[in-house]
Structures are given as C-alpha cells and as structure tokens.
Amino acid sequence: MTRIWNSIVGKLWATILLLVSFVLFIFTVLMLEFFDNYHKEQAKTSISNTAATIANIVDQYEVDEFLDDIIGDLLSADINAFIAKNPNEVSSSFQTGINQVEIQNNILTSDAFKQVFETDRQIINEMILPSQKEKDQLESYVVLGYPLKSESEVHGAIFIFQNPDALLKTTSQTTKIVFLSAAIAFLLTTFFAFFLSSKITLPLRKMREHAFELAKGKFDGQLPSTQNDEIGQLAVAFNQMGRQLKHHLEVINQEKEQLSSILTSMTDAVITFNRDRTILLSNPPADILLQKWFIKQNATSGSPIPDEIYHMLDHVLDFEDKIEEELDIKGSSYNISISPLKNNGQSIRGAVAVIRDMTEQKKLEKLRSDFIANVSHELRTPIAMLQGYSEAIIDDVVSSEEERNEMIRIIYDESQRMGRLVSDLLDLARMESGNVTLFKENIPIVHVIERITQKFAQVAKEKHVHLEFETELSDDLHVDLDEDRIEQVLTNLIDNGIRHTPMEGSVTVSLEVELSYVKINVSDTGEGIPREDLPFVFERFYKADKARTRSKSGTGLGLAIARNIVEAHKGNIKVDSEVGRGTTFTFYLPL
C-alpha cells in the first residue's frame, strides 16, 4: 500500500479522486439545496392553485350542501385546509390528525396572516406548528392564506397547509437519488482514474526502468515508441539519449585507455595532485619512485613526497604558473616539471608533476668522461714512451747496440700493451652493447677448470706462489658454456691473484655445486682490497691501491670483461676481501 501511494500511479489516482470528490461534494450540496427549494416551490405552487380553485368555487357557487364534498375532493391526502369567515370564526375544516384546533388558532393568531382578511392578496409563509401525529411536538409547515371575494372590508379566507411528511418523503427520495448518483459517479471515477493513471504511467514506468538500466551501463535496450504523443516523443528521446551515451562512453573509454597506455608506457614518473595536495593519479614509474622515497623517508614523515616537491607544488598552486627544476633528493638527481591543471572555469583544480630520474644519466655521463680520461691516461704513457724511444733511435742517441735493442724491446712491449688495451676496449664495448656471441658446448667442467689452472703453474712457480686446484666433484659433470670465454675469465682472475700475492703465498682455485649452479672460487693470500674499493672493482679502469700494484699492472678492464662474460652466461660474480688476509673472487654458472 505504501508503495502505490509513493508511485506516480497512486499520486495521480489520488489527485483525480480528490478533485472529482470535491466536485461531487459541491455538486451534491447544490443539488440537494436546489431540490429542497424546488419541492418547496412546487408545494407552494400546488397549494396556491388548490386554494385559488377552492376560492373560486366558494365565491361563485353558494351550494352549501355540496361545498364540503367538492372541497374534500379537491384536496389531496397530504393537504389540509380550513375556511375562516373572520379571524375568530372557522366555518369549515378539512384537516386530518391531531392538534387541529391548535393549528387553526396558531395560524389565525399569527401576525403574518391577519392581513389576509383585509386584502385581496394571498399570503404564504413557513410556520412552526404542532405536529399532526405526535403531541407536544412541533413541525415546519408551509401555510397559504387565500382571501375570498367580498365587498366588505373584512372578509373570509381559505388557509391551506401541507403535511410536512409528504415534503420530507419527497426530499428524502431525491436525496437518495442524488447520493446514489454521486456514489456511482465516484466508483466510475475511481475505476477510470486508475485505468487512466495506469495507462499514462505505464510508459513512464518503462522509461524509469530503462533509465536505471542506462545508469547500470546497459545501453542496448530500446523503448517502444508506438505512441505519437508527448510520451512517445519522450521514448524516442530516451532511445536517442541511450545511443548517444553509449557512443560518448565508448569514446571516453578509448581516450582513457589511450591515456592509460601512454602513462603506463612512459619511463618518466607522472603524479597528479588535487588542490589539497593529495595524490589523485600516478603511473607505474611514479609508484616505484614513491615506494623508493617511502623507504628512505624519516619515521616521523607522514608522506613519501619530499618537501622540495611540495614547495614547488605550493608555488604552482599559488601563482598558477609552470615550474621546472633539477633537484638532488635523497642521493638521487631528478628533473621535475610541475604544471597547473585548470577546469572549465579556468580555476586551479590541481597540478601534474612529471619527474625524470637523471641519476643513471648523470652517472653514465660521469662514466663516459671518466672513460675518456682513463683511456687518454692509459694511452698517454705508451705513446710517450714510443715517441721518446723512437726519437732516441732516430737521433742516434744510443751509444751501443745493446741499448738500441733494449729500446726496441721497450717499443715492442708498449705497442703490445696498446694492442691489448684496444682489444680489451673493443671486447668490452661489444659485450656491453649486447653483441657478444657465445658458442656454448656441453663440456666436462672439472677437466676444463683444472686445465686452465695448470696453465699458470709455471708462472706461479717463478713468482714463488703456491697454486692449487681443489674439487670433490666427479669428472662426469658436464655444463653448457663457452669454454674460451670462461677461460678468459679464469685467466684474468688467476693472473690477478698471482700478481698480487707475495712470495710464499698461495692461490687456490676451487669448484663445487651450490643449488642449481656450479660455484667457482679463486682465492689468494695477497694484501687484499680496501672495503671502500670493493663496490668499484668491476668497473672499467679500476685501479687498486698501490699495495696491490707492486708489479706491472694490466689494462684495468679485465674484471669488467669478466663480469660481462659471466652475466652473459646467466650467472653472477662477486668479490670478498680483507686487507692483509687476501681476496676471493666467486662466480656462479647455471647447470
């Protein structure tokens, strides 16, 4: 019941019923009043005509013996009458019921009817008289006084009054008819109002359901548009709106996907801020950057955004101007550009920040400059020696053939050194660019490592360094690898170990299996590498402390090449060292 009253059908139905009920109420009241007056007028007209007829008979025919019978025939059952010669004498009476004398006396003594004996005009009036049925009860009567013709100043009159029961009966019948008609009209109105309301609101209910479907994102439904009126036109408009919404949402989704793809594929971090400086949107690089900042932030800080960026954001939001700066934040360098975001009213609703991590780029620039400086430094010494000794030979400065041969040998050694440097640089460049090609074979790893180790036995003997190979693995263990490249790695590590180990020291090459990798260790008992230098030993042109360079050093590229070869085999390499105790290089190769 509550649902129907809250619906448009119930409201429209109730509105029509209230309107019709009000009209019917007014109409019924007016009709009852009209019929009441009409019946009274009819009664007055009827008794007036009856009085006129009786007066004519009395005036024209003096047939006393038949007069009462004639008058009795003219009067109906509900009409009473009496004839009075003067206000104090009643000559004839045609009344029924009780209280006849009281009724006559009340009428004759009434001031309203005293003039009927002295004029030729009839007088009609409503009076409260004793009831003809009940004692001590008064009723309303319509009384007519009609004068008789007479030349005398005071003449007789006929008084006629109708029984109120007849008038009440007629009025009651009329009231029943009016109320019955009103009830029938109300029921018909109720039925047709409900039918009309349902007929009008049925398309509206369908439109409501269709609107809910549109709100849920279902745009395929169509409303029937069979009507040509406003409701039918509204259904057509709803269908067009659904198609337009579907089209616009598809366009918006396409643009959103494009924007999402662009933001996702960007290498720069993009963060969108609200007016209150909260983060609205961020792409994956920005999420990584925020996590990095959050890890490095202080425990008391509530936001991962550094204060420097918040200062830039405040400037953009306050002055509505784009700002771009390079900042060093928590050990990293960033290029930050923040631009304001405006709505249709051109008011600031937020800002978008584009953050580019310049740390690696600056590091590469530094490495490039260091590389050029190192290459220049490494080449300057052999070139200077080549130029100096060549000029000495050309200018015939040498005094003996032995000195000449010594200079030629130095020139040869320096040229060999330059050749090795250039060759190592080319190898390292190819490896770091990803152009290195590995020729892997399934080889017995124990035999290969032992062979490479024994290759340095004579060199170790000359340096008075004890070189040994240790393993508990079976000779049947085979690994897929490029033997020449792995030999290049081991050659560099063993040679470094022998060169940087003092006499009576030892260099140990060991081989074992750890999880799914083969683990190769090259340990020496040399002077070791300072802890602060350990992170840089695999960089190009790394130069150890002078304590490790008692003899002629290499090109400074061997460890960098070794790392690239191991990583190309999907392995990794590390170093552990303690000053005065020795150094251990360990690299892993997948089985």
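Once rounded to the nearest 0.5 Å, the distance linking CD of Glu578 with CG of Leu534 reads 10.5 Å. Expressed to the nearest 0.5 Å, how far CD1 of Ile348 lies from CG of Leu341 amounts to 7.5 Å. Remark: Leu467 CG to Ile498 CD1 distance equals 5.5 Å, nearest 0.5 Å. Here the CD1-CG distance, from Ile520 to Leu493, works out to 9.5 Å after rounding to the nearest 0.5 Å. In this structure, CD1 in Ile262 is found 6.5 Å from CD in Gln258, a value given to the nearest 0.5 Å. Here the CG atom belonging to Leu313 is positioned 11.0 Å from the CD1 atom belonging to Ile336, to the nearest 0.5 angstrom.
Within the 4.5 Å cutoff, the side chain of Leu290 has heavy atoms near those of the Ile279 side chain. Between Tyr588 and Leu515, the closest side-chain pair of non-hydrogen atoms is not below 4.5 Å. Residues Thr508 and Asn521 form no side-chain contact, since every pair of their non-hydrogen atoms from C-beta on lies 4.5 Å or further apart. Proximity of Asn496 to Thr583: side-chain heavy atoms (C-beta onward) are nowhere separated by under 4.5 Å. Taking the side chain as every heavy atom from C-beta outward, Glu325 and Ile338 never approach each other to under 4.5 Å. Looking at heavy atoms from C-beta onward, Ile305 lies out of side-chain contact with Arg277 at the 4.5 angstrom threshold. Between Ile486 and His569, some side-chain heavy-atom pair lies under the 4.5 Å cut-off. With contacts defined as side-chain heavy-atom distances shorter than 4.5 Å, the pair Ile565/Phe587 does not qualify.
Across Ser337 and Lys322, no two heavy atoms sit closer than the pair OG-CE, 3.3 Å. In this structure, Ala353 and Phe273 approach most closely via the heavy-atom pair CB-CE1, 3.9 Å. The two residues Arg349 and Lys342 come nearest to each other via the heavy atoms NE-O, 3.6 Å. Of all the heavy atoms in Ala351 and Val316, the pair that sits closest is CB-CG1, 4.2 Å. Taking every heavy atom of both residues into account, Lys292 and Ser332 meet most closely at NZ-OG, 3.2 Å. Closest of all the heavy-atom pairs between Gly526 and Pro502 is CA-CD, 3.8 Å.
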Quick one, Leu559 with Phe585, criterion side chain to side chain contact (heavy atoms under 4.5 Å, CB included). Give me CA distance, side-chain angles, the key distance, then yes/no. CA-CA 10 Å; Leu559 292 179; Phe585 284 91; 3.9 Å; yes
Side chain to side chain contact (heavy atoms under 4.5 Å, CB included) between Phe469 and Ile452: does it pass, once the steps are laid out? CA-CA 10 Å; Phe469 171 71; Ile452 297 172; over 6 Å; no
Kindly determine whether Val566 and Val489 satisfy side chain to side chain contact (heavy atoms under 4.5 Å, CB included), including the steps that lead there. CA-CA 8 Å; Val566 172; Val489 174; 4.3 Å; yes
Taking it one step at a time, do Val448 and Glu487 satisfy side chain to side chain contact (heavy atoms under 4.5 Å, CB included)? CA-CA 8 Å; Val448 171; Glu487 184 173 353; over 6 Å; no
Residues Asp287, Ser282; criterion side chain to side chain donor-acceptor pair (under 3.5 Å); working and verdict: CA-CA 6 Å; Asp287 295 335; Ser282 60; 2.6 Å; yes
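Counting only distance, with no hydrogens or angles, the side chain of Ser577 and the backbone of Gly582 share a donor-acceptor pair below 3.5 Å. Within the 3.5 Å criterion, the main-chain N or O of His466 finds no donor-acceptor partner in the side chain of Ser506. A distance-only check finds a donor-acceptor pair linking the side chain of Thr359 to the backbone of Ser333 [under 3.5 Å]. Side-chain N or O atoms of Asp482 include one that pairs as donor or acceptor with a backbone N or O of Phe439 at under 3.5 Å. The closest donor-acceptor contact from the side chain of Thr278 to the backbone of Asn274 lies at 3.5 Å or more, if one exists at all.
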Indicate every side-chain donor-acceptor pair of residues 470-480 with a distance under 3.5 Å to a residue at least two apart or in another chain.
{"unit_1": "Thr471", "atom_1": "OG1", "unit_2": "Leu473", "atom_2": "N", "d": "3.2"}
{"unit_1": "Thr471", "atom_1": "OG1", "unit_2": "Leu511", "atom_2": "O", "d": "3.0"}
{"unit_1": "Ser474", "atom_1": "OG", "unit_2": "Asp476", "atom_2": "N", "d": "3.2"}
{"unit_1": "His478", "atom_1": "ND1", "unit_2": "Asp476", "atom_2": "O", "d": "2.7"}
{"unit_1": "Asp480", "atom_1": "OD1", "unit_2": "Asn442", "atom_2": "ND2", "d": "2.9"}

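For Arg581, the CZ atom counts as loosely surrounded, since its 6.0 Å shell holds 12 or fewer non-hydrogen atoms of other residues, nucleotides or ligands. Heavy atoms from other residues, nucleotides or ligands lying under 6.0 Å from NZ of Lys461 number 12 at most.
Applying the ring pair (Phe, Tyr, Trp, His ring centres under 6.0 Å) rule to pairs touching residues 311-331 yields His315-Phe319, sequence neighbours excluded. For residues 247-269, the pairs satisfying salt bridge (Lys or Arg N to Asp or Glu O under 4.0 Å) are Asp268-Arg356, with sequence neighbours left out.
Asn283 and Thr264 are not linked by any side-chain donor-acceptor pair at a separation below 3.5 angstrom, with hydrogens and angles left out of the test. Using modelled atom types, one finds a donor on one side chain and an acceptor on the other under 3.5 Å when comparing Arg485 with Gln488.
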